[in-house]
**Student:** 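My questions will all concern the structure given below.
A, B, ... follow the sequence lines: proteins, then strands. Residue 1 opens every chain.
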Protein chains: 2
Amino acid sequence: MVSSNDVAKLAGVSQATVSRVLNNSEKVNAATTKKVNDAIQELNYRPNAAARSLISRKSGIIALMCGPLDDPENAEFSGKTIAYAREKGFITELHIQDPNEPAAVFESIGRSQAEGILAGPIMLVGAGVELLEKSGIPYAFCGMEYQGNGSFISMDNRAAGSMAADYIYSLNHRVVGWLGGNSDEPRLHDRYTGFLERMKQQEIEILSATDAISDWDPILSAMMARKDRPTAIVAATDAIGAYAIDFLIAYGYSIPEDISIVGIGNSKQAAMNYLGLTSVGLPGETDIFKAGVDQLIARINGDSIVPVPKGGLMPELFERKSAVAI
Amino acid sequence: MVSSNDVAKLAGVSQATVSRVLNNSEKVNAATTKKVNDAIQELNYRPNAAARSLISRKSGIIALMCGPLDDPENAEFSGKTIAYAREKGFITELHIQDPNEPAAVFESIGRSQAEGILAGPIMLVGAGVELLEKSGIPYAFCGMEYQGNGSFISMDNRAAGSMAADYIYSLNHRVVGWLGGNSDEPRLHDRYTGFLERMKQQEIEILSATDAISDWDPILSAMMARKDRPTAIVAATDAIGAYAIDFLIAYGYSIPEDISIVGIGNSKQAAMNYLGLTSVGLPGETDIFKAGVDQLIARINGDSIVPVPKGGLMPELFERKSAVAI
DNA sequence: ATGAAAGCGCTAACAA
DNA sequence: TTGTTAGCGCTTTCAT
């Protein structure tokens, strides 16, 4: 490996001068600068990032924790977050949480050289948050309401659940299924809570499945096998909603003629005409990820904390074609 | 920041011993080990990753270059690659290429502390590959056939294009649109080449759009505005195909009654029943990403290069419901 | 404007 | 088994 020392020798200057040129700091003689740059060129020298961050205590890396990317909502969130972080000068390590082993992601993150950790849509499981805390690395939550030391910025997930419930009720559905809302994932749990609360008020019959599962087939089978099968299903995420539609079509149902489906999240996917998934969520242009990244960077820099909206952003209903009145 | 020196002092041992305990190498006295671990616990000490990698010349990080995650094919690829890399002991930095500024990703990657670079589905633009080469960091291509120093592992994209062409021809379509296939992205360019070659043989009228654009609306409008509008459209990726379907539905068309659509890639998305996109690609369980990661790790370790299948893996046709004969 | 030297936190000889 | 010491490649005083 070629070091700044090699460059210095070739350029006939001291190693410190090479460093100065690299950081184009201070006033270095133009002639010297040229000599050094020529040597850098010739040797194809690249500064060693590890040595730099050993001194500066800055790696230029943040870690993003996120659920599986086959959920378009997660993919969209990650993509936007990574792009925005890059704008802000950070490279992003992506740590994807395996739903079958949700604790693992918290462990690997401790070894990270990241300057900060952004906890996106993930399951908060076991000693996970404690590990985050103990890592000593600044962190922030984004997309869920976690009441800890990390800040958070989020949609009001509970309100979203309630709105889905109200909508389905207004469409005269009285036997309703619910999919998702695993209690380890605060975002989804809050959605379920809001939904349940409102439905209970109306004394609607609810068939809920809130387990942390990746395979919804048996759940959907069980729901649809009943004599009083649901006339509508509300899903904790659009991805689950889309999956339900996929499944139901395979089983011969027509959507929404045979059964109505409502998602939560208002992802891009939901808005596609071939899916047309009615969904409760924030308008597409809402930049939750920006607030998250800004918040995290503020924490990294030890700035006074940027205030976040209390209680989360209020979602809206986006009516498309997957749900109708009966 | 608490260092191994602080731990050593508290434990009443030398700093080297702390290091030994950390790497649970050599034989350290059980009693000493306990003292050290207690001190680590008490101070909540975490080893400094930068210092470690300064010595070991290993960061435990690989960089993955990939196209935008709102293409489900990219999201799927990234997710699987990251998971597999983690299995192999590597954390992944995700570098997403902005289609509007495709060169940027090659520059930022040079500064990376990554031990290796995996070039996934991206546009090879300008001096990009040269920069890769000059970075001195081992790299490998994955998902496209680039004939350089980096190895590659891929589907036979050219064959995929040809197969799509043959299929559409066998369905009696004689005015056919093509979407995508930007020449900067070898993967897509090869698909286009294969398609064009076969179509030209048949003297079919082709309306092609191969620009590097993110907005297909004007292209689709222009195609469908013609008096002899195409009866079928082949898309260079499933994501583009899905977008075309979305657009066409919005314009009042029924798929496949009014127009047939065929994608390439056979992504999970294509297989969803609500989309049902006929596509040419590898079976879903094909693990291209594994070969890519394995290849890269071999290069990192300087192992003798693992051989890759020549000419790429042969794709298959997955007939679903978006294309019919006329 | 430039060089010499200290040291970031750690690992890995080499001693003891 | 443990301590001492020498760097890894760089930034940053402090001299010159």
**Student:** I want to check one thing: is the phosphate of dC10(D), taken as OP1 and OP2, less than 4.0 Å away from some side-chain N or O of Ser19(A)?
**Tutor:** no
**Student:** Between Arg52(B) (CZ) and dC8(C) (P), how many Å, whole number?
**Tutor:** 18 Å
**Student:** I'd like to know if the side chain of Asp98(B) and the backbone of Asn100(B) have a donor-acceptor N/O pair within less than 3.5 Å.
**Tutor:** yes
**Student:** To the side chain of Ala16(B), which of dC8(D), dA12(C), dG3(C) is closest?
**Tutor:** dA12(C)
**Student:** Between dT2(D), dT2(C), dC10(D), which one does the side chain of Arg20(A) approach most closely?
**Tutor:** dT2(C)
**Student:** What closest approach, in Å, do Pro102(B) and Gln97(B) show between heavy atoms, and which atom pair accounts for it?
**Tutor:** O-NE2, 2.9 Å
**Student:** Could you tell me how far apart Ile40(B) (CD1) and dG9(C) (C1') are, to the nearest whole angstrom?
**Tutor:** 14 Å
**Student:** Just to confirm, is there a sub-4.0 Å distance from OP1 or OP2 of dT2(D) to any side-chain nitrogen or oxygen of Thr32(B)?
**Tutor:** yes
**Student:** Atom CG of Leu54(B) and atom C1' of dG7(C): how far apart are they, to the nearest Å?
**Tutor:** 12 Å
**Student:** What is the distance, to the nearest angstrom, from the CE atom on Met1(A) to the P atom on dC10(D)?
**Tutor:** 7 Å
**Student:** Hey, does the side chain of Glu115(A) reach the backbone of Gly60(A) with a donor-acceptor pair shorter than 3.5 angstrom?
**Tutor:** yes
**Student:** Is it true that a side-chain atom of Ser78(A) and a backbone atom of Ala75(A) form a donor plus acceptor pair closer than 3.5 Å?
**Tutor:** no
**Student:** Return the nearest nucleotide to the side chain of Ile55(A); candidates are dC8(C), dG9(C), dT1(D).
**Tutor:** dC8(C)
**Student:** May I have the step-by-step check of side-chain hydrogen bond (donor to acceptor under 3.5 Å, both in side chains) for Glu93(B) and Ser112(B), ending in yes or no?
**Tutor:** CA-CA 9 Å; Glu93(B) 283 177 4; Ser112(B) 167; 3.0 Å; yes
**Student:** Can you tell me the distance, in whole Å, between the CG atom of Leu22(A) and the C1' atom of dT12(D)?
**Tutor:** 14 Å
**Student:** Determine: side-chain N/O of Asn48(B) to OP1/OP2 of dC8(C), distance under 4.0 Å, yes or no.
**Tutor:** no
**Student:** Got a donor-acceptor contact below 3.5 angstrom from the Ser3(B) side chain to the Asn5(B) backbone?
**Tutor:** yes
**Student:** Do any of residues 2-15 of chain B sit with a heavy atom less than 4.0 Å from DNA chain C, and if so which?
**Tutor:** Ser3(B), Ser4(B), Gln15(B)
**Student:** Just to confirm, is there a sub-4.0 Å distance from OP1 or OP2 of dT2(D) to any side-chain nitrogen or oxygen of Thr17(B)?
**Tutor:** no
**Student:** Is Asp71(B) reaching over with its side chain to a backbone N or O of Glu73(B), donor-acceptor style, under 3.5 angstrom?
**Tutor:** yes
**Student:** Provide, to the nearest angstrom, the distance between the CG atom belonging to Asn23(B) and the P atom belonging to dC10(C).
**Tutor:** 10 Å
**Student:** Can you check the Leu43(B) CG to dG9(C) P distance for me, whole Å?
**Tutor:** 14 Å
**Student:** Of the nucleotides dG9(D), dC8(C), dT11(C), which has the atom closest to the Arg57(A) side chain?
**Tutor:** dC8(C)
